Amino acid sequence: MNSDKRLKVYKLLKKIPRGRVSTYGALASRLGMNPRLVGRILGQNSHPEIYPCYRVVRSDGSLGGYTIDSVNNEHSLSVKKKKLLRDGVKFSGERVEKKLIMKTI
DNA sequence: CCGTTGACCAGGC
DNA sequence: GGCCTGGCCAACG
């Protein structure tokens with residue numbers, strides 16, 4: 001994958017403040033990419049220690065995905081939720097509250 | 001060169 | 001909210 005595009009995604013990632021989230025689609029439209037491409041970039045090249053990729057969720061507030069140490073399952077999603085809760089993000093059920101989602105960034 | 005597969009999305013029921 | 005549909009586009013075999 002174009003490492004140029006990866007850099008753009010990661011750079012934008014850092015602009016999401018603690019306690020808020022954005023969506024795959026929002027990042028994608030800001031960068032002129034396809035949402036699926038953003039998802040792939042976050043999945044294949046995530047650096048969980050450095051970049052807060054857990055602050056990206058689906059447009060309806062559901063979690064989307066998360067990958068740690070080549071593990072991608074329900075457990076990894078619970079980790080993602082936990083990180084969000086620690087940031088102060090509020091949930092209604094399994095979805096992030098809509099007002100916390102940044103549609104533009 | 002295809003067919004399938006995604007950390008997706010908007011629109012309809 | 002759930003389920004489907006059609007659209008999207010790069011990666012993989």
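Just so it is clear: chains get the letters A, B, ... in the order the sequence lines come, proteins before strands, and each one is counted from 1. What you are looking at is a predicted structure, and each value in this text was computed from that prediction instead of being measured.
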Query raised in the report: Of all the choices, B:dA10, B:dA7, C:dA10, which nucleotide is nearest to the side chain of A:Lys5 once you look at every atom?
Result: C:dA10
Query raised in the report: Among B:dA7, B:dC9, C:dA11, which nucleotide sits nearest the side chain of A:Arg40?
Result: C:dA11
How about [X] and [Y]: do any of their side-chain heavy atoms sit closer than 4.5 Å?
| X | Y | result |
| --- | --- | --- |
| A:Cys53 | A:Tyr10 | no |
| A:Thr67 | A:Leu42 | no |
| A:Val9 | A:Met33 | yes |
| A:Val56 | A:Thr23 | no |
| A:Pro52 | A:Leu13 | yes |

Give the table of side-chain donor-acceptor pairs shorter than 3.5 Å for residues 96-105 of chain A, with sequence neighbours excluded, one pair per line with atom names and distance.
none

Identify all pairs in which a protein N or O lies below 3.5 Å from an N or O of nucleotides 2-4 of chain B, and state each distance.
none

Report task. Determine, stepwise, if the pair A:Ser22 / A:Leu27 fulfils side chain to side chain contact (heavy atoms under 4.5 Å, CB included). Result -> CA-CA 7 Å; A:Ser22 190; A:Leu27 270 53; 3.4 Å; yes
Query raised in the report: Is there a chain of hydrophobic side chains (I, L, V, M, F, W, Y, each step under 4.5 Å between heavy atoms) that links A:Leu7 to A:Tyr51?
Result: no
Query raised in the report: Which of residues 90-104 of chain A have a heavy atom under 4.0 Å from DNA chain B?
Result: none
Query - Any A:Thr67 side-chain N or O less than 4.0 Å from OP1/OP2 of B:dA7 - result: no
Query - Side-chain N,O (A:Thr23) to OP1/OP2 (B:dC8) below 4.0 Å - result: no
d([atom1], [X]; [atom2], [N]) in whole Å:
| X | N | atom1 | atom2 | result |
| --- | --- | --- | --- | --- |
| A:Leu37 | C:dA11 | CG | P | 7 Å |
| A:Gln44 | C:dA11 | CD | C1' | 7 Å |
| A:Tyr24 | C:dA10 | OH | P | 19 Å |
| A:Leu63 | B:dC8 | CG | P | 11 Å |
| A:Asp4 | C:dA10 | CG | C1' | 15 Å |

Query - Nearest atoms (heavy-atom pairs only) where A:Tyr24 meets A:Gly64 - result: OH-CA, 3.9 Å
Report task. Give a yes or no on this: more than 12 heavy atoms of other residues, nucleotides or ligands lie within 6.0 Å of atom CZ of A:Arg30. Result -> no
Query - salt bridge (Lys or Arg N to Asp or Glu O under 4.0 Å) partners for A:Arg95, two or more places apart - result: A:Asp60
Report summary line: Applying salt bridge (Lys or Arg N to Asp or Glu O under 4.0 Å) to A:Lys80 and not counting sequence neighbours gives none
Query raised in the report: DNA chain C: stems of at least 3 consecutive Watson-Crick or G-U pairs, cut-off 3.5 Å?
Result: B:2-6 with C:9-13, B:8-13 with C:2-7
Query raised in the report: Which residues pass the side chain to side chain contact (heavy atoms under 4.5 Å, CB included) test with A:Asp87, sequence neighbours left out?
Result: A:Arg18, A:Tyr54, A:Arg55, A:Val89
Query raised in the report: Can you list, by residue number, the residues of residues 27-36 of chain A that have a non-hydrogen atom closer than 4.0 angstrom to DNA chain C?
Result: A:Asn34, A:Arg36
Query raised in the report: Which whole number of Å gives the distance between the P atom of B:dA7 and that of C:dG7?
Result: 22 Å
Query raised in the report: Quick one: CD1 on A:Ile41 to NZ on A:Lys5, what's the gap to the nearest 0.5 Å?
Result: 7.5 Å
Requested in this report: Taking side-chain hydrogen bond (donor to acceptor under 3.5 Å, both in side chains) as the test, write out the residues that go with A:Lys81, two or more places apart.
Outcome: A:Glu94
Strictly under 3.5 Å: I want the nitrogen or oxygen pairs between protein and nucleotides 11-13 of chain B, one per line.
none

Report task. Please report the C-alpha distance between A:Leu31 and A:Val38 in whole Å, then the side-chain angles of each, then the deciding distance to 0.1 Å, and finally whether the side chain to side chain contact (heavy atoms under 4.5 Å, CB included) criterion is met. Result -> CA-CA 9 Å; A:Leu31 298 174; A:Val38 173; 5.5 Å; no
